[in-house]
Amino acid sequence: MDNIKIIANNKKAYHDYFIEEKYEAGIELAGTEVKSLRQGRVNLKDSWCNIVGGELFVNAMHISPYDHGNIWSKDPMRVRRLLMHKREINKIFGLLQQKGYSLIPLSVYFKGSIVKLELGLCKGKKLYDKRDAAAQQSAKRDIERAMKEQNR
C-alpha cells in the first residue's frame, strides 16, 4: 500500500465540471517548491492543463515561495511540466479535441516521497446543472439528518 498524503484539492473543479476520467501525473518541480508543498502552500483554484508539442503542462497553479528559500526561488505561477507516458498524453490529446472537454488538476498529493497531480478530463457544467447538483446535495444532507435523528 502506497503512503498517500493529500496536499490540496480543487473543490471548484468538482463544482464547475463533470469529471469524465481521472489520470495521475508526476510534476517537475524545483527543490524549494517541494519544501513549500510539504507546508501545504499550493492553490489549484483556477489552474488548467494543456498539451504543447507532445508535452503536458499545468498553468496557473500557484505554489507559494518557500519561507527559508534563497534568491533563486522560482516564480510561483510558472508553467510546470507534467510527466506522463507518451501514449497517455496522445490519448488525452485525442479526447481534448472533442468539443467541450478540458483537462483540470483535481488534487496534489505525495505518493511516498514523490509529488503527484491528479488530472480530470472534464466537461463544463451549465448553470442549471449546478443548481441541480446543489439541490441533490441539500436533499442528501436532509435525509442524513433525518436518519441521524431517527436513530437516537
Side-chain angles (χ1 to χ4, degrees), residues 1-138 140-141:
M1 183 76 188
D2 291 318
N3 186 15
I4 294 176
K5 180 186 172 207
I6 295 176
I7 302 166
N9 284 317
N10 188 353
K11 293 179 184 175
K12 188 177 179 196
Y14 288 97
H15 181 264
D16 292 342
Y17 299 97
F18 292 113
I19 287 88
E20 304 286 326
E21 291 183 44
K22 293 182 180 182
Y23 299 95
E24 180 181 72
I27 184 166
E28 195 175 83
L29 297 169
T32 54
E33 289 176 324
V34 176
K35 290 178 180 182
S36 186
L37 284 175
R38 288 199 186 280
Q39 295 177 340
R41 301 180 64 198
V42 61
N43 185 358
L44 295 172
K45 192 173 181 182
D46 294 320
S47 58
W48 52 279
C49 298
N50 66 338
I51 298 172
V52 178
E55 292 185 329
L56 191 57
F57 295 95
V58 63
N59 300 282
M61 184 172 109
H62 187 276
I63 298 177
S64 299
Y66 182 57
D67 294 336
H68 306 291
N70 51 28
I71 60 171
W72 294 285
S73 292
K74 303 287 184 183
D75 176 31
M77 293 292 287
R78 74 183 180 95
V79 176
R80 294 169 181 89
R81 186 166 66 143
L82 299 178
L83 309 170
M84 288 180 87
H85 290 286
K86 195 66 149 180
R87 67 179 179 277
E88 285 183 302
I89 294 173
N90 290 336
K91 177 185 172 190
I92 292 170
F93 183 72
L95 292 170
L96 286 176
Q97 298 305 309
Q98 295 178 21
K99 186 178 177 196
Y101 281 112
S102 303
L103 196 60
I104 307 294
L106 301 175
S107 65
V108 179
Y109 55 93
F110 280 104
K111 193 172 188 179
S113 62
I114 298 169
V115 180
K116 297 285 187 177
L117 189 69
E118 184 179 43
L119 304 172
L121 186 68
C122 305
K123 202 166 211 168
K125 282 186 182 177
K126 305 283 188 227
L127 183 60
Y128 57 85
D129 291 328
K130 292 178 188 177
R131 287 182 186 145
D132 187 44
Q136 286 178 355
Q137 189 176 17
S138 177
K140 182 179 174 186
R141 209 176 304 125

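For the pair M84 and L119, the minimum side-chain heavy-atom distance is below 4.5 Å. For the pair K130 and D16, the minimum side-chain heavy-atom distance is below 4.5 Å.
One distance of note links CD1 of I27 with CG of L37; it measures 7.5 Å at 0.5 Å rounding. To the nearest 0.5 Å, the span separating CD1 on I6 from CZ on F110 amounts to 12.5 Å. Separation of atoms CZ (F93) and CG (L56) is listed at 11.5 Å; rounding is to 0.5 Å. Atom CD1 of residue I114 and atom OH of residue Y109 lie 11.0 Å apart, to the nearest 0.5 angstrom. We find the CG-CD1 distance between L106 and I104 to be 8.0 Å, quoted to the nearest 0.5 Å. One finds the NE2 atom of H68 at 11.0 Å from the OG atom of S36 (value rounded to the nearest 0.5 Å).
Applying the salt bridge (Lys or Arg N to Asp or Glu O under 4.0 Å) rule to E20 yields no partners; only residues at least two apart in sequence or on another chain are considered. Shown here are the side chain to side chain contact (heavy atoms under 4.5 Å, CB included) partners of Q98, two or more places apart in sequence or in another chain: L95, Y101. Residues passing the salt bridge (Lys or Arg N to Asp or Glu O under 4.0 Å) test with D129: none are found, sequence neighbours excluded. Considering only residues two or more places apart in sequence or on other chains, N9 meets the side chain to side chain donor-acceptor pair (under 3.5 Å) condition with none of them.
Taking every heavy atom of both residues into account, Y23 and L121 meet most closely at CE1-CB, 4.2 Å. In plain terms, the two heavy atoms of G40 and I7 that are nearest each other are CA-CG2, 3.8 Å. Scanning both residues, S47 and P105, for their nearest heavy atoms gives OG-CG, 3.4 Å.
In this structure, N10 contributes its side chain and L44 its backbone to a donor-acceptor pair below 3.5 Å. The backbone N or O of C122 sits nowhere less than 3.5 Å from a side-chain atom of S102 that would complete a donor-acceptor pair. At least one donor-acceptor pair closer than 3.5 Å links the side chain of K86 to the backbone N or O of G54.
Contacts classified as salt bridge (Lys or Arg N to Asp or Glu O under 4.0 Å) and involving residues 32-56 (residues at least two apart or in different chains) are given here: K12-D46, E33-R78, E33-R80, R41-D67, E55-R81. Within the structure, the salt bridge (Lys or Arg N to Asp or Glu O under 4.0 Å) test picks out no pair touching residues 112-127 (sequence neighbours left out).
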Start with the C-alpha distance between L103 and W48, add both sets of side-chain angles, then the distance that settles side chain to side chain contact (heavy atoms under 4.5 Å, CB included), and finish with yes or no. CA-CA 6 Å; L103 196 60; W48 52 279; over 6 Å; no
Please evaluate residues K140 and Q136 with respect to the criterion side chain to side chain contact (heavy atoms under 4.5 Å, CB included), reporting the C-alpha separation (whole Å), side-chain torsions for both, the decisive distance (0.1 Å), and the verdict. CA-CA 6 Å; K140 182 179 174 186; Q136 286 178 355; over 6 Å; no
Working note: V108 + I63, criterion side chain to side chain contact (heavy atoms under 4.5 Å, CB included); need CA distance, chi angles, decisive distance, verdict. CA-CA 11 Å; V108 179; I63 298 177; over 6 Å; no
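Among L96, N90, I89, the single residue meeting the side chain to side chain contact (heavy atoms under 4.5 Å, CB included) criterion with I92 is L96.
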